[in-house]
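In this text the structure is predicted, and so the values were computed from the model without any measurement. Order of the sequence lines fixes the chain letters, A, B, ..., with proteins taken first and strands second; residue numbering starts at 1 for each chain. Atoms considered below: every heavy atom in the structure, side chains included; atoms not considered: hydrogens, waters and symmetry mates.
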Amino acid sequence: MGLLTKKDAALIKDPLFDNNPITVQVLGICSALAITAKLEAAIVMAISVMFVLALGNVVISLMRNIIPSKIRIIVQLVVAAALVIIVDLVLKAYAYNLSKTLSVFVGLIITNCIIMGRFEAFALANSPWRSFLDGLGNAAGYGIILVIVAFFRELLGTGDLLGLGQKFMGHPLLGNPIPGEMSGLYALGYENNGFMLLSPMALIVLGIVIWVQRSKNPKLKED
Amino acid sequence: MSLKNKLHELKLKYQGTKTEPLFNAFHTFLYTPNEVTHSGSSIRVVDDLKRTMNTVIMALVPVLIFSMFNAGYQHFLALGEIKKVSGGFFSPEFWSFSNFSVGFVKIIPLVIVSYLVGLGVEFLFAMKKGHEVEEGYLVTGMLVPLIVPVDIPLWMLAIAVIFGVVIGKEVFGGTGMNILNPALTIRAFLFFAYPTWMTGDKVWVNGLVERAKDANLDAISGETILGSLAAGKEYMYSVKEMFYGFIPGSVGETSTLLILLAALFLIFSKIGSWRIMLSAVIGALFMGFIFNQIAPSLEGTKFYNLMAMPYWEHLLLGGFAFGVVFMATDPVTASQTTKGKWIYGFFIGLMSIMIRVFNPAYPEGVMLAILLMNVFAPTIDHIIVGGNIKRRKNRLKTA
């Protein structure tokens, strides 16, 4: 990357793997459990958080020298809330159905621990460009886990992904589950796993992701 | 050369390799291990974990054999080929070879899948971690086929076993460290993942799901008693049939009589805790009795049928007896303190009946009740032990 210095690139790369906000810092778990039943919702959520976090980091960073430290939390909340309202309105205008699926969770981005955490820990002490990169990196780290969890939950829970199967084949990706015209895996006796759609399973899938990551990544080994 | 020597030789040969636990496991399964303590001396009791497990399995064998006869009996009854049992427990209509053969063919695969998959996972983890294979799965593997519906597809059982052993046990550190009863974790997974195979009126009788796809749908029904009560229907089984176990239900849970005998066996061999069993029964009777008292004022509501059922009949129905005798007494997940056992058991009984009555979608309240109390068992113990420490401190002060 000629565009970024090594130090800047680390801002994006670190939160993706070694210092992932969800699996390593265990922040932002609530929304990871709530909206990962569908891949589409998870992707939109990841993009929304990226927007709020990257822009919010820049705004906070620009103001970092004029915010009185006593009221900094309130200022951070105002910035986050303003950005979340923009996201919410855009979703309502251009993706109404999706915004209904995500319901309160778009509004609850404000309370996402990752956002306040990055504002407080990074943006208040770094330049706007670095803060922007940090926001992108952390939101991407959050998004990647969301997408992984949602991928397994939707595929195993409904047999479809992003509605692709329904759109192009007229039935879920794994086959047609309707009795009488079964095909694919369903013809072999396969059935969707309803547990995958319940949020306890999101916690378990997330746990397995953390398990795999910790056992593969030597930097995360604990004694 | 005797088998024992041969095994010992194999064990030495594979020492230090990855497959070592495999040979060790077979060796210890068949013979007392020839290992001695490395330092100092210690006394070994004969009654190690393996013996404990084997005793529970011995208690389960009659239940397993009965369940094979019952699977065949329910199968032919649903087909209309035989009449209902009219005599006592040893009626020839029930104990016929044709009944047994149907059940045998159906249930043995469940047992094989349960053991193969479960032990396979255990071996994998033992090899990975480099420790001995633990005996923990011996009992779980026998319990699992007994608590699922007879018609459950084998691949579902396999997935559930993998889930139960890995998430329910191995992630906590293996046998002895688990918080939840692995067998019930497996059943709970099936229950929430594939509800159409775990509830309803078709899955409890061999082949009913297949036959239900044919034309005469209404002609056949294999509902459990709890299922039909929750749906507000009458059931047509006598108390005697419930007690003997000639009713549809999960594979091995139906016969309260045999489970009672197994309970006595476990109590006298000092394997199962009588405190837990007794307090669970008291809890269930207590809750059932309260429901009986308030039932008349709720006539016409959806709870009425289950509430008005005589309180002692709850003990005969569903998986209550099986769960209390074989699952609640699991020494790993139950409370360890004497007082704690009373509390733990009492709440299992109470919650089972409460879930059963208030949520007809979950007729198997006993499964959820035991899992819930499994989670609370350490807390109960903590409070009891804390209380003991406090009392002794006070005694020291006054003395």
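- Only the side chain of A:M201 comes within less than 4.5 Å of a heavy atom in chain B; its backbone stays farther off.
- Other residues, nucleotides and ligands contribute at most 12 non-hydrogen atoms within 6.0 Å of the CZ atom of B:F347.
- Residue B:F376 qualifies as open at atom CZ: its count of foreign heavy atoms under 6.0 Å is 12 or below.
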**Prompt:** Between B:V166 and A:W211, is a side-chain contact (heavy atoms from CB on, under 4.5 Å) present by the stated rule, with each step listed?
**Reply:** CA-CA 12 Å; B:V166 175; A:W211 184 9; 3.7 Å; yes
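- Interface remark: A:I208 contributes side-chain atoms only to the contact with chain B (heavy atom separation under 4.5 Å).
- Sparse packing is recorded around CZ of A:F152, with 12 or fewer heavy atoms of other residues, nucleotides or ligands lying under 6.0 Å away.
- Across all non-hydrogen atoms, the minimal contact from A:Y190 to B:W155 is CA-CZ2, 3.6 Å.
- Contact check for A:N193 versus B:F163: no side-chain heavy atoms found under the 4.5 Å cut-off.
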